K.L.:
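This is the structure, below, for whatever I ask next.
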Amino acid sequence: MLVLLAMDKSLYSLRMRASRSGGHLSGAERLAPTCDLERLAAAMVNRALNHSRGRAENIHLTIESLDAATVRYAQLPDLLTFSVDDWRQGRTAAGKLLVEAGVSLMAAERAMAWMAEGCAPDGRSMRGAMLIDALTGQRLEEDPFRGVRVGRMDLTAEAEESLRAGLRRLELDNLHVREALVLAGKVALAPEVMAELCWSDDPDYNAGYVAAASLGYVRFPHLKPMGEERGGRAFFIAPGADIPSLLTFLEKAPVLFEQVGVLRDPVPWKG
């Protein structure tokens with residue numbers, strides 16, 4: 001994803017947001033040197049114009065320079081896939097893992113219900129993630145349409161090569177998994193976030209995951225029915241957390257992953 005040249009250490013944040021019929025369609029986040037900006041920007045626009053849910057009507061592309069001294073380097077979380085029979089078993093398993101990570105059963109069930117019904121007030125998917133009190137299940141985000149957009153994260157070229165090699169062995173080397181793992185890795189660095197739950201709003205992709213610092217990235221091949229366009233992401237927040245500080249980190253702090261965690265073989269869910 002990222003190539004750093006010795007002669008030019010300038011680093012930029014690229015962010016793409018695309019919408020259709022007034023609703024969120026697609027988004028992407030990258031960190032890149034000057035030499036890669038044109039190529040990556042074109043790829044983002046092409047992605048928005050060829051989405052499985054239709055062609056974008058509005059595309060917003062933002063490119064901002066970053067101070068290299070502010071970039072945090074980190075390791076991706078370990079990855080494990082639990083094989084489940086269907087999305088119902090997947091959600092049951094995901095709920096148990098969330099409870100294991102310290103989330104109350106009520107908060108986990110509320111999050112799944114909102115994601116299944118459409119997290120935004122109009123019944124569609126949100127542009128970002130819900131913030132949910134891990135104990136009470138209360139939603140904490142200020143804008144229930146936008147939610148929280150995690151940004152400014154990517155992989156070094158060496159980490160991407162290592163990750164893709166490992167994912168190919170597991171037959172998981174696709175954009176959905178790579179981008180979700182990077183995002184979940186940044187979220188897990190925030191001590192205020194106890195766990196994360198996500199399944200895609202792409203109708204052709206029904207996998208999802210639970211992630212936490214204590215669990216790693218735990219993937220389920222089925223967390224929603226195939227063809228369902230409603231999906232979303234929930235961050236379960238520790239009671240009493242400093243929300244403004246958390247948002248600053250999630251949305252603004254640049255994180256570059258230079259190491260890959262352990263990529264384990266799939267195992268059947270026996271919970």
Side-chain angles (χ1 to χ4, degrees), residues 1 29 72-84 87 89-105 107-108 111-112 115 129-130 132 134 148 150 153-156 158-200 205-223 231-238 241 246 249-250 253 255-271:
M1 287 186 181
E29 295 276 347
R72 177 174 178 178
Y73 290 83
Q75 177 177 311
L76 287 173
D78 297 344
L79 178 149
L80 172 65
T81 297
F82 276 122
S83 301
V84 291
W87 63 269
Q89 186 183 41
R91 290 187 189 177
T92 298
K96 290 183 178 181
L97 284 183
L98 289 171
V99 171
E100 182 179 329
V103 177
S104 74
L105 180 60
M112 291 189 194
M115 289 166 63
M130 295 182 287
I132 298 179
V148 178
V150 181
M153 66 275 182
D154 209 334
L155 294 163
T156 64
E158 294 79 9
E160 182 192 15
E161 182 179 357
S162 177
L163 176 63
R164 296 197 67 172
L167 291 177
R168 280 194 296 271
R169 182 182 66 82
L170 299 174
E171 299 183 350
L172 289 175
D173 185 25
N174 61 71
L175 195 60
H176 284 289
V177 173
R178 296 196 304 270
E179 290 188 342
L181 186 57
V182 170
L183 188 149
K186 179 174 181 179
V187 174
L189 293 174
E192 300 92 342
V193 181
M194 296 179 63
E196 176 189 355
L197 169 68
C198 174
W199 66 73
S200 175
Y205 189 77
N206 62 341
Y209 65 88
V210 168
S214 60
L215 299 172
Y217 178 97
V218 184
R219 179 179 177 275
F220 298 93
H222 310 287
L223 275 186
R233 178 174 275 113
F235 301 151
F236 296 93
I237 310 303
L246 171 63
F249 172 75
L250 293 178
V255 175
L256 197 54
F257 291 96
E258 58 180 351
Q259 297 180 9
V260 177
V262 178
L263 306 180
R264 296 186 173 89
D265 291 330
V267 296
W269 174 258
K270 297 181 179 179

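Predicted model only: the values in this text are computed from it and were never measured.
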K.L.:
Minimum heavy-atom separation for Gly261 and Gln75, please, with both atom names.
P.N.:
CA-NE2, 3.8 Å
K.L.:
Before giving the answer on side-chain contact (heavy atoms from CB on, under 4.5 Å), spell out for Leu172 and Arg219 the whole-Å C-alpha distance, their side-chain angles and the decisive distance to 0.1 Å.
P.N.:
CA-CA 11 Å; Leu172 289 175; Arg219 179 179 177 275; 3.5 Å; yes
K.L.:
Identify the heavy atoms of Ala213 and Ala188 that sit nearest to each other, and give their distance.
P.N.:
CB-O, 4.1 Å
K.L.:
Do Glu29 and Val182 have side-chain heavy atoms sitting under 4.5 Å apart?
P.N.:
no
K.L.:
Mind checking the CD-CZ spacing from Glu258 to Arg72? Nearest 0.5 Å is all I need.
P.N.:
11.5 Å
K.L.:
Considering all heavy atoms of both residues, which atom of Val262 and which atom of Asp78 are nearest to each other, and what is their separation?
P.N.:
N-OD1, 2.8 Å
K.L.:
So if I apply the side chain to side chain contact (heavy atoms under 4.5 Å, CB included) rule between Leu155 and each of Leu76, Leu256, Val260, which one comes out positive?
P.N.:
Leu76
K.L.:
Within the structure provided, determine whether Gln89 and His222 are in side-chain contact (heavy-atom separation under 4.5 Å).
P.N.:
no
K.L.:
Would you give the length of the straight line joining atom CG of Leu163 to atom CG of Asp173, rounded to the nearest 0.5 angstrom?
P.N.:
7.5 Å
K.L.:
Between Arg169 and Leu263, is there a donor-acceptor pair closer than 3.5 Å when you use the side chain of the first and the backbone of the second?
P.N.:
yes
K.L.:
Please round to the nearest 0.5 Å and tell me the distance separating atom OH of Tyr209 and atom CG of Leu183.
P.N.:
5.0 Å
K.L.:
Any chance you could measure Met153, atom CE, to Leu250, atom CG, to the nearest 0.5 Å?
P.N.:
9.5 Å
K.L.:
Quick check for you: to the nearest 0.5 Å, what is the distance between Arg168 atom CZ and Asn174 atom CG?
P.N.:
12.5 Å
K.L.:
Please round to the nearest 0.5 Å and tell me the distance separating atom OG1 of Thr81 and atom CZ of Arg264.
P.N.:
11.0 Å
K.L.:
With the side chain counted from C-beta on, respond yes when Trp199 and Arg91 share a heavy-atom pair under 4.5 Å apart, and no when they do not.
P.N.:
yes
K.L.:
Determine the sole option in Val103, Ile132, Leu246 for which the side chain to side chain contact (heavy atoms under 4.5 Å, CB included) test with Ile237 is passed.
P.N.:
Leu246
K.L.:
Lys186 side chain to Phe257 main-chain N or O, any donor-acceptor pair under 3.5 Å?
P.N.:
no
K.L.:
Please state whether the rings of Phe220 and Trp269 are parallel, tilted or perpendicular, taking 30° and 60° as the class boundaries.
P.N.:
perpendicular
K.L.:
Would you check if Leu223 and Met115 make a side-chain contact, meaning some heavy-atom pair closer than 4.5 Å?
P.N.:
no
K.L.:
Please tell me if the side chains of Phe236 and Leu98 come closer than 4.5 Å, counting only heavy atoms from C-beta onward.
P.N.:
yes
